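Taking it in order: structure first as structure tokens, then the write-up.
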Amino acid sequence: MTDNGTQTASWQSCVIEEIVQQTPSIKSFFLRLSRPFAHIAGQHVDVRLTAPDGYSAMRSYSIASSAASSPIIELAVERLPDGEVSAYFHDIAIVGDEIELRGPLGGHFLWPEPAVDAVLLIGAGSGLVPLMAMIRHRRTQDPAVPTALLLSARTAEDVLFSEELHSVEINDAAFVLALAITREDPIRASDFGRRIDSAMVEEVLARLHRKPTQIFVCGSNDFVNIATEGALLAGLDPSTIKTERYGG
Amino acid sequence: MVTRGFTGRGSSGDQSGRIPPGQHLVENFPVLTAGPTPNVELADWKFTVKIGPKPVKVWNWSEFNALPKTKVTKDIHCVTSWSKLDTIWEGVLIEDILADAGLDRPTDFVLAHSYDDYSTNVPLADLLSGKAMVALKFAGQPITRDHGGPARLLVPHLYFWKSAKWVKALQFTTRDEAGFWELRGYHIYGDPWREQRYTDD
């Protein structure tokens with residue numbers, strides 16, 4: 001039952017090694033695993049928090065760090081209004097705290113191995129997280145798969161991993177970055193100042209110079225529906241589109 | 001292991017006996033799908049029952065809607081950890097579909113297929129005795145595309161990935177054949193009360 005590398009994943013404890021505020025609503029948590037694992041870019045972990053009365057809450061979080069085997073993984077957690085687990089991460093968790101997790105999990109939304117011709121990534125907000133693991137992983141490959149990222153965010157300061165993305169763009173001719181900034185004017189001429197649509201997908205495809213054989217879309221359900229519709233209108237094959245919708 | 005500083009929302013009071021381990025209650029209805037949302041026109045909609053590769057009966061939308069309808073109120077549990085209580089569905093029970101096809105129990109296992117090429121496996125026993133239906137309405141309204149309309153499988157006593165959206169066929173198989181998520185690390189059966197989330201749980 002492991003056609004995509006999913007293996008038995010039992011619960012383990014890990015220690016919060018570092019916390020970084022990434023955007024006004026997203027923090028990164030660097031977790032030291034007691035039993036390190038190798039994951040495939042795009043996979044997630046399940047996190048479990050337990051209260052003194054035995055009540056426990058579980059949520060899934062995508063891994064942001066690259067697939068390199070390391071005892072430390074990075075999760076980037078967005079604070080949700082009314083969030084039970086995300087509120088714990090943002091308001092209570094401090095360096096040195098222990099939490100339980102199991103992983104790596106997920107056998108569908110995975111960076112393609114062996115390498116494909118080209119990849120299109122489309123994300124919004126914290127939907128960038130599994131895509132970022134892919135971008136970081138592809139940097140370790142030679143030659144790196146031509147890849148475009150179309151990333152939607154409300155404002156420039158809401159762009160997660162902004163500095164790193166711009167640095168990859170500058171240093172890697174096979175990487176295209178296009179931001180869709182929805183609530184203010186974009187800073188760069190190559191970015192868009194509107195919500196994602198099919199014309200935008202087409203323009204990003206033109207910058208990629210080749211047709212992607214794999215498309216990954218991650219964000220809220222509404223965003224994923226609009227983005228996949230745009231991708232289909234732009235002529236991409238539905239069987240090449242993998243989606244991950246959060247909010248569940 | 002107790003998590004320092006975590007109290008959570010606490011148990012759900014009177015409803016705690018209805019929430020399986022590791023699940024939390026939601027009021028909204030989250031949407032999770034592995035690919036683009038298919039658009040199936042009613043004029044093109046067909047539903048097929050097959051034994052192995054061989055189609056036994058095919059219904060179009062009006063033929064299928066002429067089958068006896070049943071209304072149920074059920075709690076549903078998604079493997080991503082949300083549970084939603086008292087969801088109201090209307091559709092055709094699997095035994096009523098099989099009766100119309102003149103079938104009894106051709107094999108013990110079923111693979112459900114969907115318009116987006118999704119599939120999921122369920123033992124026949126879990127589809128009979130009023131446990132499952134092909135649902136046509138949610139909360140009194142036609143099921144929206146996002147939630148699997150025009151028709152979705154409803155097997156509420158198993159994790160909700162078993163309730164295939166955009167269902168188009170039930171295929172009897174001689175063995176328990178793993179479906180889409182079952183091939184990708186998720187449990188072959190998926191009982192929320194035994195927390196059968198992943199393959200070896």
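Everything numeric here is computed off the predicted structure, so don't read it as measured data. So that the names make sense, note that chain A is the first sequence line, chain B the second, and so on, each numbered from 1.
Note: B/Phe6 and A/Tyr55 have parallel aromatic rings, judged against thresholds of 30 and 60 degrees for the angle between ring planes.
The shortest non-hydrogen separation linking A/Ala51 to B/Thr7 is CB-O, 3.5 Å. Residues A/Tyr88 and B/Arg4 approach most closely at CE1-O, 3.6 Å, considering heavy atoms. Scanning both residues, B/Ala34 and A/His108, for their nearest heavy atoms gives O-NE2, 3.0 Å.
By the 6.0 Å contact criterion, CZ on B/Arg145 is enclosed, its count of non-hydrogen atoms from other residues, nucleotides or ligands being greater than 12. In the displayed structure, B/Lys71 atom NZ is contacted under 6.0 Å by at most 12 heavy atoms of other residues, nucleotides or ligands. Heavy-atom neighbours of B/Glu27 CD from other residues, nucleotides or ligands within 6.0 Å: at or below the threshold of 12.
Neither the backbone nor the side chain of A/Asp91 comes within contact range of chain B; no heavy atoms are under 4.5 Å apart. If you measure heavy-atom distances from A/Ile94 to chain B, the contacts under 4.5 Å come from both the backbone and the side chain. Heavy atoms of B/Phe180 lying under 4.5 Å from chain A belong exclusively to its side chain. Proximity to chain B (any heavy atom under 4.5 Å) is shown, for A/Thr243, by both the backbone and the side chain.
Separation of atoms CG (B/Asp146) and CG (A/Asp222) is listed at 7.5 Å; rounding is to 0.5 Å. Taking CE of A/Met58 as the start and CD of B/Glu195 as the end, the distance is 7.0 Å to the nearest 0.5 Å. Taken to the nearest 0.5 Å, the CG atom of A/Asp46 stands 7.0 Å off from the CZ atom of B/Arg197. Once rounded to the nearest 0.5 Å, the distance linking CG of B/Asp116 with CD1 of A/Ile241 reads 12.0 Å.
Of the possible polar contacts, none joining the A/Ser60 side chain to the B/Thr80 backbone as a donor-acceptor pair under 3.5 Å is found. Checking side-chain atoms of A/Arg48 against main-chain N and O of B/Met1 turns up no donor-acceptor pair under 3.5 Å. Under the 3.5 Å distance criterion, the side-chain polar atoms of A/Thr50 are left unmatched by any main-chain donor or acceptor of B/Thr3.
Here B/Thr33 is the residue among B/Asp201, B/Thr33, B/Asp117 with the most heavy-atom pairs under 4.5 Å with chain A. The choice from A/Val85, A/Asp82, A/Val224 that makes the most heavy-atom pairs within less than 4.5 Å of chain B is A/Asp82.
Residues B/Arg184 and A/Leu110 form no side-chain contact, since every pair of their non-hydrogen atoms from C-beta on lies 4.5 Å or further apart.
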